[in-house]
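Notes to accompany the following structure.
These numbers were taken from a predicted model, which means no experiment stands behind them. In what follows, every heavy atom counts, from backbone to side chain, and hydrogens, waters and symmetry copies are set aside. Just so we're on the same page: letters track the sequence lines, and every chain starts at 1.
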There are 2 protein chains.
Amino acid sequence: MLRYAIVTPPVTPSRDEVLRVVAELGTPLPAALSRRERARQATVDEIKATALDLMREHATTDVRFTDIARVMGMTAPALYRYFDDRDELLSALIVDGFDSLGAAVAEAVRPLDEADLPARWSAASQAYRAWASAEPQMFALILGMPVPGYQAPEEGPTTEAAKAAMSQLSSLFVAAAQRGELRPPLIREVSVSMADCEKSKHDELCDVLPPESFQAMLQTWAMLHGFVSLEAYGHFDWMEPEARDALFRSHMRLAATASGLPVPPA
Amino acid sequence: MLRYAIVTPPVTPSRDEVLRVVAELGTPLPAALSRRERARQATVDEIKATALDLMREHATTDVRFTDIARVMGMTAPALYRYFDDRDELLSALIVDGFDSLGAAVAEAVRPLDEADLPARWSAASQAYRAWASAEPQMFALILGMPVPGYQAPEEGPTTEAAKAAMSQLSSLFVAAAQRGELRPPLIREVSVSMADCEKSKHDELCDVLPPESFQAMLQTWAMLHGFVSLEAYGHFDWMEPEARDALFRSHMRLAATASGLPVPPA
DNA sequence: ACGGTTACGTTACGCCTCATAACAAACACG
DNA sequence: CGTGTTTGTTATGAGGCGTAACGTAACCGT
């Protein structure tokens, strides 16, 4: 039923692997990690990786400690040495999820010409979509209604990770604005509360983005997220894949047109 | 902890109540229901209502049979007389959810002048949004990733209910088209697969709606759904309510502008 | 009105999961 | 080599799902 060999990574990863993971997590890397700490970190990673594998395999955001432990060749109570309870594991997975989504978008954009904003927008939105389609459970976990019973910690590291991931989107608008390629959006009326709120919460953006463009950016996110949500949860399954692709491209052209981003060629 | 008195409706409802419920469910009403069938139907309804109350109270899509039964003054195994298992209860709730969403939109639109399409669009989208905000659990249940472990039946009554609810949206486009008030959408390029798929699956629409308007309708749904999803799951919590309202109105103006629907005045 | 039938609700039970407690082995280190 | 820490184990309790077996009450044809 469960394929032990496939999902079980090596118990003691290489030093490089550990360093990569540590760097990825943003830890300052205090000179070096003791042997024990490295082993512990590896186990934590293996738990998270196994949980993700099981989520993928069972197509659900529900993860049973029992299953994780069995796949890892351990017993369930041992996992409590690494995560106080299920919520803590989920929070860690959510942080990783935002990181993964942000990284996927960043990866897709990185090799492209910085001047080619239409291509960067296409690649970024396509990466968002592809990530959600490939990992609908993760997508549901971070941007949908999470697992029943799970209560997201307010203002925790999850919020940080979310902001970081979403900055991938805003940086596109900032780049366009700084290059002078950001047209005024289709909707230019901005309510007072909108302009005010922009000043209070995202001040780093209001220096470079006019309020109507900030508003357009949020609407762009909503457009992107709407399509991707509907697709990820199967509400576009009645369409042929090619039709979905075409609809998505068309949708993103619309988003760019409406928000003032440079429009990708048809 | 649990308020028995509040959530427990009368065990034997009035005949009018029963007739209303039956009519609501679309049952053909075969002359009349026997006393037994009426009682059974009442219990089924009470179970669903209690489940909804508990979902609202605990802010989760997870419902425990034990809790439902306790609130109803029964024991858990008794519920299996009415629903084979948890999935069947959830499927029933999903059907009701789609019905409720569709009804909310229909209610909002019904009193308005049939000629005033901008007002109807504003009211419909606002009803969609308000419904999702008032019942985020239901919203997640029907249009998000459902409860872990729940497997939606393919092509069941849930699909029917979903189509019926979504027809509220398409009927707006159809009305606009029939009245000659539907402008060509901003994006007019339609891929071949899109136009073809339209013919195969939603043939009743392709008679009145040009393919580019059908495409625009789907994009409009995606725009609406994207905003509503993000808001319902708390990703717009950093905005003031007034700012969210303004953003939504602006978003819906954009949707109408882009899709060719008559645009509401600012 | 009466006995058979059907529906409903109960208690008892088996299985599973989460989570804790108490215990054993492995390891680091003076 | 001993000592304390870390990591794993087994044992245990609480609680949910779903089934089985059993009473009981309501319905219904005669």
Side-chain angles (χ1 to χ4, degrees), chain A residues 1-2 8 11-13 31-48 50-51 54-55 58 60-93 146-151, chain B residues 1-2 4 8 10-13 31-47 50-51 54-55 57-58 60-93 146-151:
Chain A
M1 175 190 184
L2 288 170
T8 306
V11 175
T12 24
L33 267 61
S34 78
R35 176 173 183 79
R36 255 193 174 142
E37 286 165 322
R38 274 188 291 149
R40 182 177 183 82
Q41 190 58 50
T43 307
V44 167
D45 281 355
E46 190 187 346
I47 292 171
K48 293 194 292 191
T50 308
L54 289 172
M55 272 178 33
H58 295 129
T60 181
T61 52
D62 198 13
V63 203
R64 284 181 280 278
F65 267 39
T66 304
D67 290 349
I68 301 175
R70 193 179 58 247
V71 170
M72 292 178 64
M74 305 196 336
T75 55
L79 299 184
Y80 289 85
R81 298 283 180 194
Y82 302 92
F83 295 96
D84 278 351
D85 55 9
R86 210 156 123 277
D87 279 13
E88 204 179 291
L89 173 57
L90 285 177
S91 290
L93 290 178
V147 175
Y150 171 77
Q151 199 66 316
Chain B
M1 175 190 180
L2 289 170
Y4 291 16
T8 305
V11 175
T12 25
L33 267 60
S34 78
R35 178 173 181 76
R36 252 190 178 149
E37 286 165 324
R38 275 188 290 150
R40 181 180 182 81
Q41 190 58 52
T43 309
V44 166
D45 281 356
E46 190 187 346
I47 291 171
T50 309
L54 289 172
M55 271 178 33
E57 187 170 345
H58 295 123
T60 179
T61 52
D62 198 13
V63 203
R64 281 183 282 276
F65 266 38
T66 304
D67 289 348
I68 300 176
R70 192 178 59 246
V71 171
M72 291 178 65
M74 304 197 337
T75 55
L79 300 183
Y80 290 86
R81 298 280 182 196
Y82 302 92
F83 295 95
D84 279 352
D85 55 10
R86 210 156 123 275
D87 279 13
E88 203 178 292
L89 172 58
L90 285 177
S91 290
L93 290 177
V147 175
Y150 170 76
Q151 199 65 314

(request) Over all heavy atoms of both residues, which pair between Leu93(B) and Met55(B) is shortest? Give the atoms and the distance, please. (result) CD1-SD, 4.4 Å
(request) Kindly indicate whether the side chain of Leu89(A), heavy atoms from C-beta on, has any atom under 4.5 Å from the side chain of Ile68(A). (result) yes
(request) Please report the closest heavy-atom contact between Glu46(B) and Met72(B), naming both atoms and the distance. (result) CD-CE, 3.4 Å
(message) Output the rounded distance in Å from CG (Leu89(A)) to C1' (dA19(C)).
(response) 14 Å
(request) State the OG1-CE distance between Thr43(A) and Met74(A), to the nearest 0.5 angstrom. (result) 7.0 Å
(message) For the OG1 atom of Thr50(B) and the CG atom of Asp45(B), what is their distance to the nearest 0.5 Å?
(response) 10.0 Å
(request) Please report the shortest heavy-atom distance between Thr75(B) and Ala69(B), naming the atom on each side. (result) C-CB, 3.4 Å
Tabulate protein N/O versus nucleotide N/O from nucleotides 8-17 of chain C, keeping only pairs under 3.5 Å, one per line.
unit_1: dC8(C); atom_1: OP1; unit_2: Arg40(B); atom_2: NH1; d: 3.4
unit_1: dC8(C); atom_1: OP2; unit_2: Arg40(B); atom_2: NH1; d: 2.7
unit_1: dC8(C); atom_1: N4; unit_2: Arg81(B); atom_2: NH2; d: 3.3
unit_1: dG9(C); atom_1: OP2; unit_2: Tyr82(B); atom_2: OH; d: 2.7
unit_1: dG9(C); atom_1: N7; unit_2: Arg81(B); atom_2: NE; d: 3.1
unit_1: dG9(C); atom_1: N7; unit_2: Arg81(B); atom_2: NH2; d: 3.3
unit_1: dG9(C); atom_1: O6; unit_2: Arg81(B); atom_2: NH2; d: 2.1
unit_1: dT10(C); atom_1: OP2; unit_2: Thr75(B); atom_2: N; d: 2.9
unit_1: dT10(C); atom_1: OP2; unit_2: Thr75(B); atom_2: OG1; d: 2.4
unit_1: dT10(C); atom_1: O5'; unit_2: Thr75(B); atom_2: OG1; d: 3.4

(message) Applying salt bridge (charged side-chain N to carboxylate O under 4.0 Å, His left out), can you list everything that pairs with Arg64(A), at least two apart in sequence or on another chain?
(response) Asp67(A)
(request) Specify the separation, in whole Å, of atom CD of Glu37(B) and atom C1' of dA7(C). (result) 12 Å
(message) Tell me which pairs pass ring pair (Phe, Tyr, Trp, His ring centres under 6.0 Å) where either residue lies in residues 61-89 of chain A, with sequence neighbours left out.
(response) Phe65(A)-Tyr80(A)
(request) Name the first nucleotide and the last nucleotide along DNA chain D (5' to 3') that come under 4.0 Å of a heavy atom in chain B. (result) dG16(D) to dC27(D)
